[in-house]
Amino acid sequence: MSITGILAAAAIVGAVGIFVGLFLGVAGIRFHVEKDEKEEAVLAALPGNNCGGCGYAGCSGLAAAIAKGEAAVDACPVGGAKAGEKIAAIMGVEAGSSERKVAFVACIGDCEKAKKDYEYYGHQDCRMMGFVPGGGPKACDSGCLGYGSCVEACPFDAIHVVDGVAVVDREKCKACGKCVAACPKHLISLIPYDAKYAVACSSADKGPITMKACQAGCIGCGLCVRNCPSQAVKVTDFHAAIDQEACTGCGTCAEKCPKKCIVKI
């Protein structure tokens, strides 16, 4: 190749490079997206777990919603009140009085108390029990299956299966709600961290049926209702429930419960 050809090729490459550089520069200016400084600051104040417990697609999604005024400053269940206060300062608003919550498993039918219809040796996953006879080996159709789908879902190592029943570590729990969504029996709910007593049973069967399946099942006898001084307990469909706002934590319901399924938290 002659020197003229080499110089021509170099000139063409250089011209193309200049053109591409100018094009990218203009495009960068033309399509530049301004960053929302508040959104960036809010994102930095969030814990970064990306658990989805707030209902948005990760912390960046929540930060964008807060910056636009579409979500509350204390919407992050993991960050809690501290993160809410920081974000409120960034947004120039007052932080709301967010109540700390914690997951609660409404079942104490462990291996000793709950009866089994058969022994199960298949895949250990609660969500698969809908495909096996009777919805699982436990005689109680509403009881904790104990195969740990909630354990797998929890990003904070706050729930474990102990003696066949899921148990929540209240101090580790961030109330993200992933265990609530993972439980196929709908036994897990978020209750106030300051709650004193709760009904650790979800059975809605009549008393005789419940007693055949579990020694610790609620039989809907109503003793808790009749003895509660603050009228915080109600029985619906043979199942007791406590109104946490009305409950004073006196413990009378737990004391009177013949099956001891009302537990102190």
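Below, all heavy atoms of this structure are taken into account, side chains as well, without hydrogens, waters or symmetry copies.
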Going through the distances and angles, do Y120 and V132 end up as a side-chain contact (heavy atoms from CB on, under 4.5 Å)? CA-CA 9 Å; Y120 175 73; V132 303; 3.9 Å; yes
Examine distances only and state if a side-chain atom of [X] and a backbone atom of [Y] form a donor-acceptor pair shorter than 3.5 Å.
| X | Y | result |
| --- | --- | --- |
| D237 | H239 | no |
| Y193 | E171 | no |
| K234 | Q231 | yes |
| K185 | D141 | yes |
| Q124 | S149 | no |

Heavy-atom closest contact ([X] atom, [Y] atom, distance):
| X | Y | result |
| --- | --- | --- |
| G136 | L145 | CA-CD2, 4.2 Å |
| C250 | Y197 | C-CE1, 4.4 Å |
| I191 | A198 | CD1-CB, 4.5 Å |
| I159 | A166 | CD1-CB, 4.0 Å |
| K256 | L223 | O-CD1, 3.8 Å |
| K86 | A45 | CB-CB, 4.3 Å |

Nearest-0.5 Å distance that lies between atom [atom1] in [X] and atom [atom2] in [Y]:
| X | Y | atom1 | atom2 | value |
| --- | --- | --- | --- | --- |
| C107 | L187 | SG | CG | 6.0 Å |
| I108 | Q215 | CD1 | CD | 10.5 Å |
| I242 | C253 | CD1 | SG | 4.0 Å |
| C51 | K178 | SG | NZ | 6.0 Å |
| N50 | C59 | CG | SG | 4.5 Å |
| C214 | K138 | SG | NZ | 7.5 Å |

Would you say [Y] ends up clustered with [X] if hydrophobic residues are merged whenever their side chains have heavy atoms under 4.5 Å apart, either directly or through other cluster members?
| X | Y | answer |
| --- | --- | --- |
| Y56 | V73 | yes |
| V162 | F104 | no |
| V102 | V161 | yes |
| I219 | V225 | no |
| I209 | V199 | no |

4.5 Å side-chain heavy-atom contact, [X] and [Y]:
| X | Y | value |
| --- | --- | --- |
| V165 | C144 | yes |
| K264 | K196 | no |
| E39 | S60 | no |
| C176 | F156 | yes |
| C261 | V263 | no |
| C224 | I262 | yes |

State which residue, out of L46, N49, I66, I87, fulfils the side chain to side chain contact (heavy atoms under 4.5 Å, CB included) condition with C76. L46
Cut-off 3.5 Å, side chains only: do T210 and S203 have a donor facing an acceptor? yes
Evaluate V167 against H160 for side-chain contact (heavy atoms from CB on, under 4.5 Å), listing each step before the verdict. CA-CA 5 Å; V167 178; H160 297 90; 5.9 Å; no
List the steps and the verdict of salt bridge (charged side-chain N to carboxylate O under 4.0 Å, His left out) for D157 and K172. CA-CA 7 Å; D157 192 36; K172 287 185 177 181; 3.4 Å; yes
R127 with E152: basic N within carboxylate O range, under 4.0 Å: yes
Verdict with reasoning, N227 to T252, per side-chain hydrogen bond (donor to acceptor under 3.5 Å, both in side chains): CA-CA 7 Å; N227 287 279; T252 302; over 6 Å; no
Kindly determine whether K259 and M211 satisfy side-chain contact (heavy atoms from CB on, under 4.5 Å), including the steps that lead there. CA-CA 9 Å; K259 292 299 179 178; M211 286 191 291; 3.8 Å; yes
Residues, nucleotides or ligands: over 12 heavy atoms within 6.0 Å of K82 NZ: no
